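Worksheet for the structure shown next.
Protein chains get the first letters and strands the later ones, always in sequence-line order, with residue 1 at the start of each. Since this is a predicted model, take the numbers as computed values, not measurements.
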Amino acid sequence: MPTVVVMDVSLSMTRPVAVEGSEEYQRKHLAAHGLTMLFEHMATNYKLEFTALVVFSSLWELMVPFTRDYNTLQVRRARIEGRKLSVFQNKPKTIGQFQQQTEWGAAIPCQVVLVTDGCLGIGRGSLRHSLATHAQRGDSNRFPLPFPFPSKLYVMCMANLEELQSTDSLDCLERLIDLNNGEGQIFTIDGPLCLKNVQSMFGSLIDLAYTPFHAVLKCGHLTSDVQVFPRPEPFIIDEEIDPIPKAINTDLEIVGFVDIADISSPPVLSRHLVLPIALNREGDEVGPGITDDTEDENSANQIAGKIPNFCVLLHGSLKVEGMVAVVQLGPEWYGMLYSQADSKKKSNLMMSLFEPGPEPLPWLGKMAQLGPISDAKENPYGEDDNKSPFPLQPKNKRSYAQNVTVWIKPSGLQTDVQKILRNARKLPEKTQTFYKELNRLRKAALAFGFLELLKGVADMLERECTLLPDSAHPDAAFQLSHAAQQLKVASTGASEYAAYEHNIAPLHTDFPGSTAERM
Amino acid sequence: MKIFSESHKTVFVVDHCPYMAESCRQHVEFDMLVKNRTQGIIPLAPISKSLWTCSVESSMEYCRIMYDIFPFKKLVNFIVSDSGAHVLNSWTQEDQNLQELMAALAAVGPPNPRADPECCSILHGLVAAVEALCKITEYQHEARTSLMENAERVGNRGRIICITNAKSDSHVRMLEDCVQETIHEHNKLAANSDHLMQIQKCELVLIHTYPVGEDSLVSDRPKKELSPVLTSEVHSVRAGRHLATKLNLLVQQHFDLASTTITNIPMKEEQHANTSANYDVELLHHKEAHVDFLKSGDNHTGGNSREGTFKETVTLKWCTPRTNSVELHYCTGAYRISPVDVNSRPSSCLTNFLLNGRSVLLEQPRKSGSKVISHMLSSHGGEIFLHVLSSSRSILEDPPSISEGCGGRVTDYRITDFGEFMRENRLTPFLEPRYKMDGSLEIPLERAKDQLEKHTRYWPMIISQTTIFNMQAVVPLASVIVKEAMTDEDVLNCQKTIYNLVDMERKNDPLPISTVGTRGKGPKRDEQYRIMWNELETLVRAHINNSEKHQRVLECLMACRSKPPEEEERKKRGRKREDKEDKAEKLGKDYESDKPWQESERLKGLLDREKEELAEAEVIKDSPDSPEPPNKKPLITMDEMPTVEKAKGPMSLLSLWSNRINTANSRKHQEFIGRLNSVNNKAELYQHLKEENGFVLVNALLQRS
């Protein structure tokens with residue numbers, strides 16, 4: 001998930017910090033030190049993360065739009081200078097607008113790292129004022145929190161806890177997290193303000209939010225060490241029944257394969273790149289996340305490139321066959337692996353996570369009930385691979401697939417009556433369809449208690465009978481009056497004639513070719 | 001997300017008292033005269049629905065939409081009330097469909113206008129509704145059982161939708177009081193019961209309906225909390241289509257639905273088949289499908305008006321599908337749909353098109369003219385889903401290509417073989433429960449994992465790492481040895497395969513041994529066979545514990561495979577030497593058996609003829625390269641030569657050329673005796689020394705000199 005670093009450059013950030021050493025430090029220097037460390041970490045271990053840099057005081061400015069170029073971020077950060085008073089409110093608004101601009105969309109979670117000294121400013125537009133008037137805001141000048149996208153807000157305070165507690169700053173900052181639906185955390189400097197403690201504060205942020213996720217991809221005995229990027233975040237299934245967030249296993253176990261046509265664009269929680277990595281004995285990573293200019297690393301990369309890796313084999317075959325691998329992520333949690341092409345040349349192994357649960361995709365059925373085709377009596381894919389056991393058919397058809405009767409609009413009723421009438425005029429050829437439509441109408445009328453309609457249609461059929469031309473087949477008259485009579489008795493509601501399951505059967509006549517149906 | 005919210009349980013209570021038989025006074029013309037008919041016919045008089053018919057029809061429509069969009073976990077209990085309560089179905093999932101409800105309603109029939117109004121009341125139904133809400137559903141039961149000590153987390157909430165004809169506001173209050181009282185009493189009962197649950201929250205939706213043209217005696221009232229358990233709202237609605245509209249609105253509120261109108265659907269005209277017109281179809285679905293519009297505030301809603309007019313719909317444009325190509329879209333959600341006007345011609349045309357297996361992409365109309373595909377309609381097994389496609393910038397854009405990462409430089413992966421492996425390990429649903437030998441339930445997915453484990457016990461990833469998987473002749477064995485259980489026929493096939501290989505060795509057929517990465521021309525023919533046999537043994541050994549039949553295959557293999565004479569010799573002397581090249585060989589060393597050998601010998605005779613035929617075929621299949629010239633001698637210069645890759649295709653120009661040079665060179669000098677007698681380019685030096693001393697054995701590599 002993309003990161004927005006929002007840096008406070010108001011005057012209060014230039015407050016000096018008492019350090020024993022010779023040089024005089026300001027809070028902004030501490031902040032700069034922390035951010036340098038964060039960017040360095042990301043450049044080596046979290047290289048694919050998009051990061052943007054925004055500064056704010058009473059105004060805000062986008063210093064660096066979303067990028068993976070951490071050099072630029074470092075350079076621009078170094079150029080930031082102190083500005084005016086802190087007017088807090090603009091900041092979150094900025095991010096909101098800003099994120100829409102870049103079009104990650106409302107579904108992509110974002111991490112916001114706010115670097116500030118906890119001085120909230122005074123007067124209109126300050127955070128304190130904004131929070132106090134929060135309830136009175138209308139739609140037009142809505143407070144920017146919660147952000148219109150899922151987010152985590154990390155507040156990095158260039159101040160220690162005591163300092164913040166002495167004013168109401170901490171409360172205000174906590175309100176911010178609350179407003180963001182509790183997503184986020186406040187970090188303060190532990191102990192005196194110095195470089196070392198700033199480092200450990202950013203260290204905890206890195207541990208929390210920017211440690212790469214390493215896993216082992218397994219398919220029976222074939223395995224590969226991988227990094228999954230971005231990190232899969234824990235997921236809460238139902239905060240009432242199952243309030244504990246579920247995290248995915250570090251063993252990603254392939255359970256079988258399914259054709260792309262059968263899995264058919266399933267809904268997913270998130271998508272992740274699966275990047276093979278080479279772990280050496282010390283557990284250090286030599287993988288795609290790194291481009292170091294040291295020669296050692298380069299040669300290590302080259303060696304790793306030449307060692308056969310299961311991910312590459314799997315990716316190649318998935319791509320060629322047009323299939324996905326179903327992967328188990330945890331108890332009752334599944335996902336799929338597939339080849340994703342970014343451009344004509346580049347393609348990658350991608351993993352999508354399904355919603356946790358025993359049956360994430362109704363058309364595949366319960367995941368635990370999927371087994372190997374060799375266990376089936378005959379190959380469900382057919383000898384020539386011309387059929388498929390998927391999709392599963394639900395027990396009950398949906399209304400649009402079962403020809404339900406809805407007469408809420410008069411046109412619905414009129415269409416159904418017309419159908420009967422049309423077939424009535426083509427008797428005896430259309431005897432079967434005529435009775436089918438008649439019985440459908442009869443059933444619905446009985447269920448809705450609409451007996452008047454039965455009587456009305458009976459009258460109509462009787463009239464049709466009188467209007468029959470001389471050339472008409474004699475059977476037509478018999479069937480029409482039989483049907484009319486049957487509807488009439490049903491319209492009395494008397495139980496012997498108005499049974500729902502009962503169907504009006506065609507009158508048995510002896511005319512040659514009378515009940516022959518020509519569809 | 002909560003499973004057990006108020007919408008888990010809905011009780012419909014419909015008034016069946018005599019006054020509901022009254023007409024709604026909204027006429028329906030049903031006798032529409034078709035043009036060109038005989039003149040002078042007077043159409044039949046229009047008819048009108050009763051209040052009862054309107055109520056039933058509207059509530060069925062509510063259920064239709066709900067069942068379409070939530071076929072599971074959203075349940076309805078239908079009750080009609082007159083002189084008593086008639087409960088038409090239960091909470092069980094089997095009872096949750098329109099057919100069941102329609103049949104039950106037909107059995108009840110319309111209210112009897114001549115019944116005594118004094119003994120009829122909606123109260124019976126309301127009391128029964130509260131009772132029903134206390135009853136546990138199968139989902140609640142399942143959740144409680146699985147949560148054990150945390151069973152109290154399973155909520156019991158519900159909604160009562162009561163359609164009646166009330167006399168006044170105070171009558172309405174009386175009904176509310178009655179519900180409140182009943183909940184209080186039943187909660188006391190439920191507290192002492194295992195199969196009942198206390199109601200935590202109940203939403204009462206009272207709908208007062210009256211004939212069109214009359215004045216309402218009851219006033220509307222928004223939702224109000226009557227007690228911590230009970231909230232109530234009152235809707236006063238004219239019967240006929242007004243009631244249907246109200247319930248349509250309610251179902252959207254109750255189940256968080258939203259509306260999407262698909263516009264510009266091209267449809268053939270019924271009368272003029274060669275022209276087509278564009279139609280719109282409105283669909284309902286869960287509102288999450290609009291999450292991108294809702295959050296960004298960028299909504300394309302038609303009429304943006306609030307309550308009252310419910311036409312708030314997002315318009316998406318139909319994109320005529322070009323091909324039937326199968327593509328994996330990045331989809332962030334899929335939601336079942338229900339057409340608002342299910343029987344209309346445009347609706348049924350659209351749904352039938354989708355049910356036939358076509359998918360339709362939907363485009364957001366944008367003023368700027370840029371085309372953004374945001375949704376897709378697709379059916380899966382007779383159910384239509386609205387898929388939400390991601391249309392925003394990807395955070396994974398411009399990833400490093402897989403060829404740049406670990407293993408990316410390797411070019412001879414067994415892609416095709418693994419594709420075959422994947423097809424053999426495809427999944428299929430097993431809906432009938434199966435049981436293991438010990439009577440416990442067998443989980444199909446565990447069987448699938450088990451099979452993957454078996455199939456990958458020996459599975460080299462690249463072509464140059466394997467000999468046997470490059471040989472057509474090994475396929476019959478390799479494909480059955482991984483099985484959990486083999487038939488006698490399978491064993492026979494394996495044995496045939498082995499004899500066939502023996503025969504190939506006897507004929508000195510070339511093997512597709514890869515020489516990639518090795519210096520020199522690669523191993524000699526008998527060494528090639530040794531490598532092949534070792535690899536085959538590794539494969540078979542990986543499976544000997546599967547069954548006794550697998551064991552038999554190994555026995556046959558051990559009996560048939562030839563061992564190089566030197567090795568035999570070494571064995572006799574009891575000297576064990578490490579052969580780093582081949583670990584598998586070590587496994588096989590101690591294995592000796594005479595009996596199976598005889599048996600195999602017998603079989604071998606039987607199969608001889610067949611095998612020979614097969615072998616002939618193999619030669620053609622497996623050795624595209626021309627037979628090597630006889631008496632070809634190893635050469636000094638050979639080590640410097642580029643390697644010849646035999647496994648693949650016809651000979652390259654390079655290998656032709658180098659072969660020619662080699663042959664020419666070989667005529668110019670005499671080969672070293674040592675090299676001529678070498679095994680795997682190794683020759684024993686000082687051979688006589690060991691005869692003298694009996695213990696010194698020097699093994700040296702015959703390197704470039």
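Only the side chain of A:Asp385 comes within less than 4.5 Å of a heavy atom of chain B; its backbone N, CA, C and O stay farther away. For chain B, the nearby part of A:Gln328 is the side chain; its heavy atoms alone come within less than 4.5 Å. A:Val326 touches chain B through its side chain: at least one heavy atom from C-beta onward sits under 4.5 Å away, while N, CA, C and O do not. Proximity to chain B (any heavy atom under 4.5 Å) is shown, for A:Leu318, by both the backbone and the side chain. Residue contact with chain B, scored on non-hydrogen atoms closer than 4.5 Å, is absent for A:Lys397. Looking at B:Glu424, only its backbone comes within 4.5 Å of chain A, counting heavy atoms on both sides. With a 4.5 Å cut-off on non-hydrogen atoms, A:Val417 touches chain B through its side chain but not through its backbone. Heavy atoms closer than 4.5 Å to chain A are found in both the backbone and the side chain of B:Ile384. Heavy atoms of A:Asp375 lying under 4.5 Å from chain B belong to its backbone as well as its side chain. Looking at A:Leu413, only its side chain comes within 4.5 Å of chain B, counting heavy atoms on both sides. Looking at B:Arg423, the atoms closer than 4.5 Å to chain A (heavy atoms on both sides) sit in the backbone and in the side chain alike. B:Asn97 touches chain A through its side chain: at least one heavy atom from C-beta onward sits under 4.5 Å away, while N, CA, C and O do not. For B:Glu383, the parts lying under 4.5 angstrom from a heavy atom of chain A are both the backbone and the side chain. When heavy atoms are compared at a cutoff of 4.5 Å, A:Thr405 approaches chain B solely by way of its backbone atoms N, CA, C and O. Of the atoms belonging to A:Leu349, heavy atoms from both backbone and side chain fall under 4.5 Å from chain B. Of the atoms belonging to B:Thr351, it is side-chain heavy atoms, and not backbone ones, that fall under 4.5 Å from chain A. The contact between A:Phe229 and chain B is made by backbone and side chain atoms together, counting heavy-atom distances below 4.5 Å. Heavy atoms closer than 4.5 Å to chain B are found in both the backbone and the side chain of A:Met460. For a residue to count as touching a neighbouring chain, one of its non-hydrogen atoms must lie under 4.5 Å from one of that chain's; by this rule B:Leu431 touches chain A with backbone and side chain alike.
The candidate with the highest count of non-hydrogen atom pairs below 4.5 Å against chain A, out of B:Val154, B:Val28, B:Leu389, B:Leu328, is B:Leu328. Note: B:Asp341 leads B:Asp341, B:Asn352, B:Val388 in heavy-atom pairs under 4.5 Å with chain A. No other option in B:Ala106, B:Cys54, B:Ala107 has as many heavy-atom pairs under 4.5 Å with chain A as B:Ala106. Taking chain A as the reference chain and counting heavy-atom pairs below 4.5 Å, the highest number among B:Ala103, B:Gly333, B:Gly382, B:Gly408 is found for B:Ala103.
Salt bridge status for A:Arg68 with A:Glu49: absent, with no side-chain N to carboxylate O gap under 4.0 Å. A salt bridge links B:Lys449 with B:Glu446; the closest basic N to acidic carboxylate O contact falls under 4.0 Å. Comment: B:Lys454 engages B:Asp450 in a salt bridge, judged by a side-chain N to carboxylate O separation of less than 4.0 angstrom.
More than 12 heavy atoms of other residues, nucleotides or ligands sit less than 6.0 Å from atom NZ of A:Lys443.
Annotation: salt bridge (charged side-chain N to carboxylate O under 4.0 Å, His left out) contacts involving residues 257-276 of chain A, sequence neighbours excluded, comprise A:Asp259-B:Arg426.
Classified by interplanar angle (parallel below 30°, tilted 30° to 60°, perpendicular above 60°), the ring pair B:His380/A:Trp363 is parallel. Taking the six-membered ring where tryptophan is involved, the planes of A:Phe257 and B:Phe421 are perpendicular, since the angle between them exceeds 60° and thus also 30°.
Applying the side-chain contact (heavy atoms from CB on, under 4.5 Å) rule to A:Ser224 yields the partners A:Val226, A:Pro276, A:Asn309, A:Phe310, A:Cys311; only residues at least two apart in sequence or on another chain are considered.
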